[in-house]
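Contents: one structure, followed by commentary.
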Number of protein chains: 2
Amino acid sequence: MTTEPQVPGVVVERLPQYLRALSHLQEIGLEVISSQQLGEFLQATPAQIRKDLSYFGRFGKQGRGYSIPNLLLQLRRILGLDQTWNVAVVGVGRLGRSIISYPGFEPEGFRVVCAFDSNSQVIGQMAGGLLVNDFANFREVADAEGVKIAIVAVPAGVAQDVIDQLVEAGVKAILNYAPKSTIVPNGVRIQNVDPVVSLQSMTYYLNPHANGEVGEAEA
Amino acid sequence: MTTEPQVPGVVVERLPQYLRALSHLQEIGLEVISSQQLGEFLQATPAQIRKDLSYFGRFGKQGRGYSIPNLLLQLRRILGLDQTWNVAVVGVGRLGRSIISYPGFEPEGFRVVCAFDSNSQVIGQMAGGLLVNDFANFREVADAEGVKIAIVAVPAGVAQDVIDQLVEAGVKAILNYAPKSTIVPNGVRIQNVDPVVSLQSMTYYLNPHANGEVGEAEA
DNA sequence: TAGATTGTTAATCGATTAACAATC
DNA sequence: TAGATTGTTAATCGATTAACAATC
């Protein structure tokens with residue numbers, strides 16, 4: 001059944017970086033780029049870039065490099081970004097509202113189409129142009145909207161419970177803003193956005209006792 | 001000069017997860033935990049937890065496990081969280097404002113003490129209880145406040161330029177919300193918060209063509 | 001003491017990189 | 001063609017895990 005070799009997760013997580021870099025390079029007028037040049041731009045080795053891409057096909061030309069428009073097209077196809085994804089936001093507090101209003105999703109093909117809360121004070125209100133639904137109706141609303149991706153912005157205490165219900169309702173990918181590590185079953189993806197955790201690993205290196213390896217960037 | 005062995009970055013990035021888990025376990029009344037139990041809770045192997053901790057000392061007791069209060073204390077010390085860190089926010093647009101007002105930083109020891117923008121419409125305004133300073137005065141204000149950590153929430157187009165100036169002014173750790181991969185010199189840490197990139201790597205697995213390894217969680 | 005669990009070593013596993021034949 | 005750069009293999013590097021003596 002599988003034809004492609006198994007792709008390491010770490011490779012998949014680099015592809016959006018390549019996409020972003022290539023979009024930028026296209027904007028500044030480049031049409032072709034070598035793995036060497038792209039590596040310099042992204043602070044990665046040329047070998048890594050060639051190997052990563054080789055999991056998915058042969059996109060380059062020897063002696064020349066990669067066509068930027070073509071590689072963009074290929075990466076978008078590989079990542080499933082050649083379509084628009086409808087997204088639900090769960091939790092319409094301060095954070096949820098700012099996620100709904102964040103202008104960075106739409107141009108990348110992620111459209112927030114529905115919002116949910118379980119607080120009756122909030123249900124029925126408008127938030128960023130969306131009517132806030134009762135979370136109890138998640139499944140039917142999400143089904144009607146074709147939602148497979150949810151963004152969770154609820155308090156830590158209820159995050160696992162909310163996520164369980166999302167999974168139960170058929171959500172396949174979750175972007176979790178709740179400061180809590182949560183568990184999802186096989187077949188469901190989750191990514192946590194947690195600025196505090198990001199800060200906490202940097203302070204390690206600010207400590208004088210940390211003879212830590214210096215200057216390592218993180219994507 | 002070095003006494004501790006060099007600690008892999010991937011280990012340092014797991015410590016905040018341990019911290020968060022242990023705080024939770026303490027709240028629900030536990031006082032001691034084995035690497036086995038903590039591993040189940042965090043979906044990690046007991047061997048990994050023991051090895052990670054062993055980079056920093058011997059915190060457990062054979063036959064018994066780890067004292068949760070003691071391990072919390074040790075981890076906070078190791079990560080440099082036994083102090084309050086003053087933080088600057090750069091860029092007071094929609095996103096910057098919601099970062100300034102985010103209530104999750106203060107209880108973890110990160111205090112937003114100053115805010116900057118370069119738009120004269122915004123300079124002098126109040127945002128979340130802070131007066132917005134001119135970014136041109138970053139160095140003197142940041143020095144006066146003892147700021148070593150900055151949170152960047154500026155448009156992608158100016159992110160690299162702003163970050164260069166922060167580095168120049170002596171900032172040692174940057175939490176970057178601009179959707180742009182940026183470069184910092186050795187000795188400066190950077191972590192990117194980019195929800196679009198997180199979504200883009202999950203959509204890969206939502207595609208039918210992705211025979212991808214299913215159910216792999218990400219911290 | 002007997003049972004449990006640590007801290008650490010050595011083995012395994014997987015990811016990165018150097019090198020180079022193929023080829024544009 | 002000559003020069004450049006890919007795609008891929010094999011070597012290296014580093015992280016994870018299994019196993020177990022030490023010991024609470």
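Below, each value reflects all heavy atoms present in this structure, side chains not excepted, and no hydrogens, waters or symmetry copies. In what follows, chains are A, B, ... by sequence order, proteins preceding strands, each numbered from 1.
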Side chains of A/Arg77 and A/Gln74: donor-acceptor distance under 3.5 Å anywhere?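 Side chains of A/Arg77 and A/Gln74: pair found under 3.5 Å.
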Under a plain distance cut-off of 3.5 Å, with no hydrogens placed, do A/Gln48 and A/Asp52 share a side-chain donor-acceptor pair? no
Keeping [X] on the side-chain end and [Y] on the backbone end, is there a donor-acceptor pair under 3.5 Å?
{"X": "B/Asp117", "Y": "B/Val92", "answer": "yes"}
{"X": "A/Asn86", "Y": "A/Glu145", "answer": "yes"}
{"X": "A/Gln191", "Y": "B/Leu199", "answer": "no"}

Considering Watson-Crick and G-U wobble pairs with both distances under 3.5 Å, what does C/dG7 pair with? D/dC20
Opposite nucleotide pairing with D/dT12, Watson-Crick or G-U, both atom distances under 3.5 Å: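 Partner of D/dT12: C/dA15.
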So if I define the base as every atom that isn't primed, P, OP1 or OP2, how would nucleotides 4-13 of chain C read as a B/S/- string at a heavy-atom cutoff under 4.0 Å? BBBBBB----
Would you name the heavy atoms of A/Pro195 and B/Tyr102 that are closest together and state the gap between them?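 Nearest pair, atom of A/Pro195 first, then B/Tyr102: CG-CE2, 4.4 Å.
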Rounded to whole Å, the CD-P distance (A/Glu13 to C/dT16) equals 11 Å
What is the distance, rounded to the nearest whole Å, between atom CG of B/Asp52 and atom P of D/dT16?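 Atom-to-atom, B/Asp52 to D/dT16, this comes out as 7 Å.
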